[in-house]
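Okay, handing you the structure first.
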2 protein chains.
Amino acid sequence: MTTSLAEENYLKIIYRLCEGTKEDISTNSIAELTNNKAASVTDMLQKLAEKGWVTYQKYQGVRLTKIGQNIALSIIRKHRLWEVFLVEKLGYNWDEVHEIAEQLEHIESETLINKLDSFLDFPKIDPHGDPIPSQEGEIPELGYLHLSEVKLNETCTLMGVAKDSAVFLQLLTKLNLSLGARLEVVEINTFDRSVSLKIAEQEPIFISHEVAKNILVKV
Amino acid sequence: MTTSLAEENYLKIIYRLCEGTKEDISTNSIAELTNNKAASVTDMLQKLAEKGWVTYQKYQGVRLTKIGQNIALSIIRKHRLWEVFLVEKLGYNWDEVHEIAEQLEHIESETLINKLDSFLDFPKIDPHGDPIPSQEGEIPELGYLHLSEVKLNETCTLMGVAKDSAVFLQLLTKLNLSLGARLEVVEINTFDRSVSLKIAEQEPIFISHEVAKNILVKV
DNA sequence: ATTAATTTTTAGCCTAGACTAAAAATTAAT
DNA sequence: ATTAATTTTTAGTCTAGGCTAAAAATTAAT
Ligand SMILES: [Mn+2]
Ligand SMILES: [Mn+2]
Ligand SMILES: [Mn+2]
Ligand SMILES: [Mn+2]
């Protein structure tokens with residue numbers, strides 16, 4: 001069966017929302033991420049249920065079926081491979097690629113994405129540290145911690161980000177925080193949970209709890 | 001102003017039809033190439049005229065304005081650069097890339113296409129010998145002949161094709177006809193205008209007038 | 001247990017871009 | 001110059017995917 005651009009975007013967002021929780025997903029939460037109104041979301045959920053890509057009972061929320069998950073994963077695979085291409089081959093910065101990948105992820109061609117994968121030497125993660133699903137829809141659970149969970153005086157490695165908004169990524173770049181950086185938590189402010197970090201030999205830097213929450217690390 | 005996918009496809013097709021002739025373009029000819037009905041074309045022509053991309057008077061046909069031409073050329077530029085990418089970098093054959101490029105040509109990003117251009121080392125022609133318009137919308141007139149126009153016993157070089165349908169390109173490949181091949185016209189059959197060609201040291205091959213018409217050569 | 005607030009769904013409307021059938025204009029043939 | 005054939009346009013309809021406003025269901029607060 002064939003998927004429209006709108007359907008693909010819904011499936012992707014429902015996937016993201018399902019990832020976090022075992023609960024069914026609410027209409028409103030989808031409306032927020034798609035920038036649509038709840039009424040429009042209800043409409044689409046009925047269509048997606050009709051096609052067998054979600055299980056949906058009115059007023060009770062929605063979940064992806066196995067098929068729905070696979071469609072979502074194939075779009076995420078395309079998104080992340082294109083992001084690698086844009087950074088590794090075309091020389092974009094990590095904060096510049098998301099919007100373009102949002103378009104490229106909808107290009108329909110099985111051979112294309114596999115040739116691209118091979119051209120990029122089968123990368124395992126994208127420029128933001130996110131894992132790239134395999135052709136079979138397998139995606140490794142990397143089990144990273146949020147930097148906000150790391151204890152005082154512990155040292156960790158920056159493995160990814162939980163958000164790919166350009167302003168956030170630009171902030172990290174300005175702070176010299178990039179994938180692979182070694183970070184030591186030298187101070188945790190109990191008042192606002194802001195964090196002070198030492199990177200290599202540099203002067204410590206301060207980041208808010210909001211920023212720390214969106215940085216993924218391995219201890 | 002922003003262009004929809006449908007509008008871009010219309011502009012591209014009107015461009016192709018204008019190229020040949022100084023006459024205004026008929027509604028029916030557009031309908032044929034877009035695979036739409038004439039009534040739908042009329043609808044769209046009114047919208048395109050409204051936006052200033054074509055000049056259109058009912059019953060009198062249509063032409064691109066300068067702005068319309070530039071939009072069309074930017075799409076053609078993207079199409080051809082992506083085709084080069086698919087062949088040169090991903091290893092596709094020349095008969096496999098058109099459909100994918102039809103999708104990729106609608107990706108919207110000024111920086112993307114220029115970075116791609118640079119990554120590909122600023123190619124001047126695509127895998128079918130078609131010239132790639134510059135960023136400013138300049139496209140060299142290459143002045144090639146159709147192989148069907150070449151005189152008996154003349155030798156010429158295969159520079160391009162006038163059609164990028166997969167079956168046609170596969171036929172050429174099977175006949176060992178690729179860009180750059182040296183061709184000697186050793187026989188022209190007056191009955192059906194079919195042609196016999198000698199390529200290098202091979203045995204002569206026979207091609208129909210229909211095929212010869214769609215091969216572009218330099219004498 | 002009611003009532004109030006919130007969330008979700010339904011009903012009805014809109015636009016883009018297709019379609020068919022009928023009308024109008026143009027072109028070709030007597 | 002009429003008439004016939006062809007082309008093009010108009011009028012009206014449809015679907016996808018949005019929207020608002022109102023109704024219904026669920027959840028929270030008395
Ligand atoms: Mn992204
Ligand atoms: Mn990413
Ligand atoms: Mn092509
Ligand atoms: Mn081409």
Side-chain angles (χ1 to χ4, degrees), chain A residues 1-14 17-18 20-64 68 71-72 75 102-103 105-106 108, chain B residues 1-14 17-18 20-64 68 71-72 75 102-103 105-106 108:
Chain A
M1 201 177 307
T2 183
T3 50
S4 71
L5 190 142
E7 288 169 341
E8 293 188 355
N9 284 330
Y10 272 97
L11 291 174
K12 212 176 36 149
I13 276 165
I14 298 170
L17 289 167
C18 283
T21 171
K22 264 193 90 76
E23 310 285 303
D24 282 13
I25 300 313
S26 75
T27 301
N28 263 352
S29 64
I30 298 169
E32 215 170 307
L33 290 190
T34 54
N35 290 312
N36 289 327
K37 294 303 158 81
S40 312
V41 173
T42 300
D43 250 28
M44 182 56 89
L45 292 182
Q46 289 166 349
K47 287 177 203 163
L48 296 178
E50 190 61 44
K51 297 200 171 190
W53 298 335
V54 300
T55 57
Y56 166 68
Q57 308 197 87
K58 40 156 103 173
Y59 295 103
Q60 304 307 312
V62 74
R63 288 200 75 74
L64 289 181
I71 299 171
I75 300 159
E102 285 291 305
Q103 296 181 64
E105 71 189 6
H106 302 289
E108 190 196 299
Chain B
M1 200 176 307
T2 183
T3 50
S4 72
L5 191 143
E7 288 168 341
E8 292 188 355
N9 284 331
Y10 272 97
L11 290 174
K12 211 176 37 149
I13 276 165
I14 298 169
L17 289 167
C18 282
T21 169
K22 263 193 91 76
E23 309 287 301
D24 282 12
I25 301 311
S26 76
T27 300
N28 263 353
S29 64
I30 297 168
E32 215 171 306
L33 291 190
T34 55
N35 290 312
N36 289 327
K37 295 303 160 79
S40 312
V41 174
T42 300
D43 251 27
M44 181 57 89
L45 292 183
Q46 289 165 348
K47 287 176 203 162
L48 295 178
E50 190 61 43
K51 296 200 172 192
W53 298 335
V54 301
T55 56
Y56 165 68
Q57 308 197 86
K58 32 154 110 175
Y59 295 102
Q60 304 308 311
V62 73
R63 287 199 76 76
L64 289 181
I71 298 171
I75 300 159
E102 286 289 305
Q103 296 182 63
E105 72 190 5
H106 301 289
E108 189 196 301

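Worth knowing before you read on, the calculation uses all heavy atoms, side chains too, and leaves out hydrogens, waters and symmetry mates. Within every chain, numbering begins at 1; the chains are lettered A, B, ... in the order of the sequence lines, protein sequences first and strands thereafter.
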Problem - Short side-chain N/O contact from B:Lys37 to OP1 or OP2 of C:dA18, under 4.0 Å - result: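 For B:Lys37, the contact criterion (side-chain N or O under 4.0 Å from OP1 or OP2 of C:dA18) is not met.
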Practice task
Give the rounded distance in Å between these two atoms: CG of B:Leu48 and C1' of C:dA18.
Solution key: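 It is 15 Å, rounded to the nearest whole Å.
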Handout entry: Side chain proximity check, A:Trp53 to A:Ile14, heavy atoms < 4.5 angstrom
Key =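 Heavy-atom side-chain distance check fails, nothing below 4.5 Å.
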Practice task
Can you see which heavy atom on A:Lys12 is nearest to which on A:Glu105, and at what distance?
Solution key: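 Minimum heavy-atom separation between A:Lys12 and A:Glu105: NZ-OE2, 2.6 Å.
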Problem - Contact residues, residues 25-34 of chain A to DNA chain C [heavy atom, < 4.0 Å] - result: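 A:Ser26, A:Thr27, A:Asn28, in order of number.
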Handout entry: Rounded interatomic separation in angstrom, taking CG from B:Leu5 and C1' from C:dA16
Key =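 It works out to 12 Å between those atoms.
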Exercise for the section: Give a yes/no on whether any side-chain N or O of A:Tyr10 is located under 4.0 angstrom from OP1 or OP2 of D:dA16. Expected result: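 Answer is no, no contact under 4.0 Å.
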Practice task
Find the runs of at least 3 consecutive base pairs, i with j, i+1 with j-1 and so on, that include DNA chain D, using Watson-Crick or G-U wobble geometry with both distances under 3.5 Å.
Solution key: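 Consecutive-pair runs (3 or more) involving DNA chain D: C:1-30 with D:1-30.
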Exercise for the section: Assign B:Asn9 to base, sugar-phosphate, or nothing according to its heavy-atom contacts below 4.0 angstrom with the strands shown. Expected result: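 Nothing: the residue B:Asn9, judged by heavy atoms under 4.0 Å, touches no strand.
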Problem - A:Met44 CE to D:dA16 C1', straight-line distance once rounded to whole Å - result: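 Taking CE of A:Met44 and C1' of D:dA16, I get 8 Å after rounding.
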Problem - Length of the CG-P vector between B:Asp24 and C:dA25, whole Å - result: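 Going from B:Asp24 (CG) to C:dA25 (P), I get 20 Å.
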Exercise for the section: May I ask you to test the B:Val62-B:Leu48 pair for a side-chain heavy-atom distance under 4.5 Å? Expected result: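 Not touching, per the 4.5 Å side-chain cut-off.
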Check the interface with nucleotides 10-15 of chain D: list each N/O to N/O pair with the protein under 3.5 Å, or write none.
| residue | atom | partner | partner atom | Å |
| --- | --- | --- | --- | --- |
| D:dT10 | OP1 | B:Lys58 | NZ | 2.6 |
| D:dT10 | OP2 | B:Gln46 | NE2 | 2.6 |

Exercise for the section: Find the distance B:Asn36:CG to C:dA16:P and express it as a whole number of Å. Expected result: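 To the nearest whole Å, that distance equals 16 Å.
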Problem - D:dA23 OP1/OP2 closer than 4.0 Å to side-chain N/O of A:Tyr59 - result: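 So the side chain of A:Tyr59 is outside the cut-off, no N or O lying under 4.0 Å from OP1 or OP2 of D:dA23.
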Practice task
Provide the closest heavy-atom pair for B:Tyr56 versus B:Leu45 in the form atom of the first, atom of the second, distance.
Solution key: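 So the two residues come closest at CE1-CD1, 3.9 Å.
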Handout entry: Heavy-atom closest contact (A:Ala38 atom, A:Thr27 atom, distance)
Key =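 For A:Ala38 and A:Thr27, the tightest heavy-atom pair comes out as O-CG2, 3.6 Å.
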Exercise for the section: Specify the separation, in whole Å, of atom CD of A:Glu7 and atom P of D:dA16. Expected result: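 So the CD-P distance, A:Glu7 to D:dA16, works out to 9 Å.
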Practice task
Check whether any side-chain heavy atom of A:Glu108 lies under 4.5 Å from a side-chain heavy atom of A:Thr3, and answer yes or no.
Solution key: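 A side-chain contact under 4.5 Å is absent here.
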Exercise for the section: Please state whether the phosphate of C:dT8, meaning OP1 or OP2, lies under 4.0 angstrom from any side-chain nitrogen or oxygen of A:Gln60. Expected result: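 Result: no.
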